[in-house]
Amino acid sequence: MGSFEDIYQIVAQIPEGKVMSYGQISKMLNGRISAQLVGWAMRKAPMGLPCHRVLFADGSLCHEVVFGGKDIQKEMLEQEGVFFKEVYQVDMEKSQV
DNA sequence: CCGTTGACCCTTC
DNA sequence: AGAAGGGCCAACG
């Protein structure tokens, strides 16, 4: 069982309208990995992985540039039904699983 | 093969 | 209250 597979599994199992933070995933894996690994895994994340649902612990959008534009990610999350507290801040409290 | 870096988070000073 | 450092795993050079 590779840690990476677990990360991909969790991220891939995030339901629509829900978001997760790097730290959440890190703790979800029993803390056997660090959030930095999640970020690193996201960097190497294969296509099909809803990495756009993964945000910072503050609820702010992650490196939106990776998706090609912060507006893109915001639009995508908004389409999925994610509640936005601020223009670029997601309400994790409600969007959290 | 060894060292450094990487999309982070949390604890302590 | 603000700032700094530590920590984990994997890939790249």
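Naming convention: chains lettered A, B, ... in sequence-line order (proteins, then strands); numbering from 1 in each chain.
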Residue closer to the 5' end of DNA chain B, A/W40 versus A/F56 (nearest nucleotide):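 Its nucleotide being nearer the 5' end, the pick is A/W40.
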How many whole angstroms separate atom [atom1] of [X] from atom [atom2] of [N]?
X	N	atom1	atom2	result
A/K27	B/dC8	NZ	P	15 Å
A/D58	B/dC9	CG	C1'	10 Å
A/I25	B/dC9	CD1	P	10 Å
A/Q36	C/dA11	CD	P	15 Å
A/L29	C/dC9	CG	P	12 Å
A/F4	C/dC12	CZ	P	10 Å
A/Y22	B/dC10	OH	P	14 Å
A/I33	B/dC8	CD1	P	14 Å

Donor-acceptor contact below 3.5 Å, side chain A/S95 vs main chain A/D91: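 Yes, A/S95 side chain to A/D91 backbone: donor-acceptor pair under 3.5 Å.
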Minimum-distance pair of heavy atoms, taken over all atoms of A/A41 and A/Y8: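 Distance-wise, the nearest heavy atoms are O-OH, 3.3 Å.
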Contact under 4.0 Å: A/K44 side-chain N or O vs B/dG6 OP1/OP2: no
A/E80 with A/R53: basic N within carboxylate O range, under 4.0 Å: yes
Whether A/W40 and A/F4 hold their rings parallel, tilted or perpendicular, with breakpoints at 30° and 60°: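 Perpendicular: the ring planes of A/W40 and A/F4 meet at over 60°.
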